[in-house]
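Right, one structure below, let's go through it.
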Amino acid sequence: MASDLENRVVTQLLEPMENWSRSIDSGKSVDVIYLDFSKAFDKVSHKFLLHKLKQYGINGKLLGWIKAFLDNMTQRVTVNGATSEPHPVTSGVPQGSVLGPILFLIYVNDMPDMLNCTIKLFC
């Protein structure tokens, strides 16, 4: 029996194929663009993410907690055994965390509203 995740992946693959087939059968053109979000987690602006969270009604202690979670991120570089001083990180969501993917989804969630086309976000 297929898992819920497997079903969502299959749906994400089959729905566009069905839409494309219908369009082609009715004589319409089909353009497809795939975007690679592999480095996108690193590009999320903390400032804009916090603004979007406010727009979604997240405020008070919860917003403060998320802000503290993002504001306290630092990074250091080590080369040939020498390590730099920590520097604040002003963009990106923590990968490997539970909260990181959720924050990223909130960040890109309004993308379909800005485009005049059918868009499928990942599952």
Side-chain angles (χ1 to χ4, degrees):
M1 187 167 163
S3 72
D4 184 51
L5 176 60
E6 291 169 327
N7 288 334
R8 286 184 290 163
V9 169
V10 169
T11 299
Q12 288 286 79
L13 294 171
L14 291 178
E15 277 186 7
M17 293 288 290
E18 176 68 22
N19 292 340
W20 300 336
S21 296
R22 281 191 198 134
S23 292
I24 291 169
D25 288 346
S26 65
K28 296 178 184 173
S29 64
V30 175
D31 298 312
V32 179
I33 299 172
Y34 289 97
L35 300 174
D36 179 6
F37 282 115
S38 61
K39 297 290 183 189
F41 274 60
D42 299 332
K43 305 295 182 190
V44 173
S45 162
H46 293 172
K47 178 182 173 181
F48 292 124
L49 175 59
L50 292 169
H51 177 74
K52 282 190 173 191
L53 289 169
K54 287 179 189 176
Q55 287 181 318
Y56 282 114
I58 297 172
N59 50 44
K61 288 183 180 180
L62 179 57
L63 184 64
W65 179 78
I66 294 171
K67 184 178 183 323
F69 177 71
L70 295 172
D71 284 350
N72 292 327
M73 292 178 14
T74 61
Q75 66 182 15
R76 296 188 288 181
V77 177
T78 302
V79 178
N80 294 331
T83 302
S84 70
E85 292 296 318
H87 290 279
V89 176
T90 59
S91 66
V93 291
Q95 297 180 42
S97 69
V98 174
L99 192 56
I102 294 168
L103 293 174
F104 180 75
L105 286 173
I106 290 169
Y107 192 74
V108 300
N109 193 47
D110 60 352
M111 191 183 327
D113 299 336
M114 294 184 233
L115 302 171
N116 186 20
C117 64
T118 301
I119 187 170
K120 294 294 256 180
L121 296 175
F122 34 81
C123 53

For a 4.5 angstrom cut-off between non-hydrogen side-chain atoms, does Y107 reach V93? no
Could you grab the distance from atom CG of D113 to atom CE of M111, nearest 0.5 Å is fine? 10.5 Å
Looking at P16 and L13, what are the two nearest heavy atoms and their distance? CD-O, 3.6 Å
Distance col, row K67:NZ vs I58:CD1, nearest 0.5 angstrom, shows 15.5 Å
Between the side chain of S45 and the main-chain N/O of T90, is any donor-acceptor distance below 3.5 Å? no
Step by step, would you call L53 with L103 a side chain to side chain contact (heavy atoms under 4.5 Å, CB included)? CA-CA 9 Å; L53 289 169; L103 293 174; 4.2 Å; yes
Hey, what do you get for NZ (K43) to CZ (F104), rounding to the nearest 0.5 Å? 12.0 Å
Are D110 and K52 close enough that some pair of their side-chain heavy atoms sits under 4.5 Å apart? yes
First locate atom OH of Y56, then atom NE2 of H51, and finally report the distance between them rounded to the nearest 0.5 Å. 11.0 Å
Looking at V108 and P112, what are the two nearest heavy atoms and their distance? O-CD, 4.1 Å
Kindly say whether T74 contributes a backbone atom to a donor-acceptor pair with the side chain of H87 at under 3.5 angstrom? no
Please report the closest heavy-atom contact between V30 and S23, naming both atoms and the distance. CG2-CB, 3.7 Å
Answer yes or no: does atom CD of E85 have more than 12 heavy-atom neighbours from other residues, nucleotides or ligands under 6.0 Å? no
Nearest 0.5 Å, please: how far is CD1 in I66 from CG in N59? 10.5 Å
Above 12 or not: heavy atoms from other molecules or residues under 6.0 Å from CE of M17? no
Linking I/L/V/M/F/W/Y whenever any side-chain heavy atoms sit under 4.5 Å apart, do F48 and L62 land together? yes
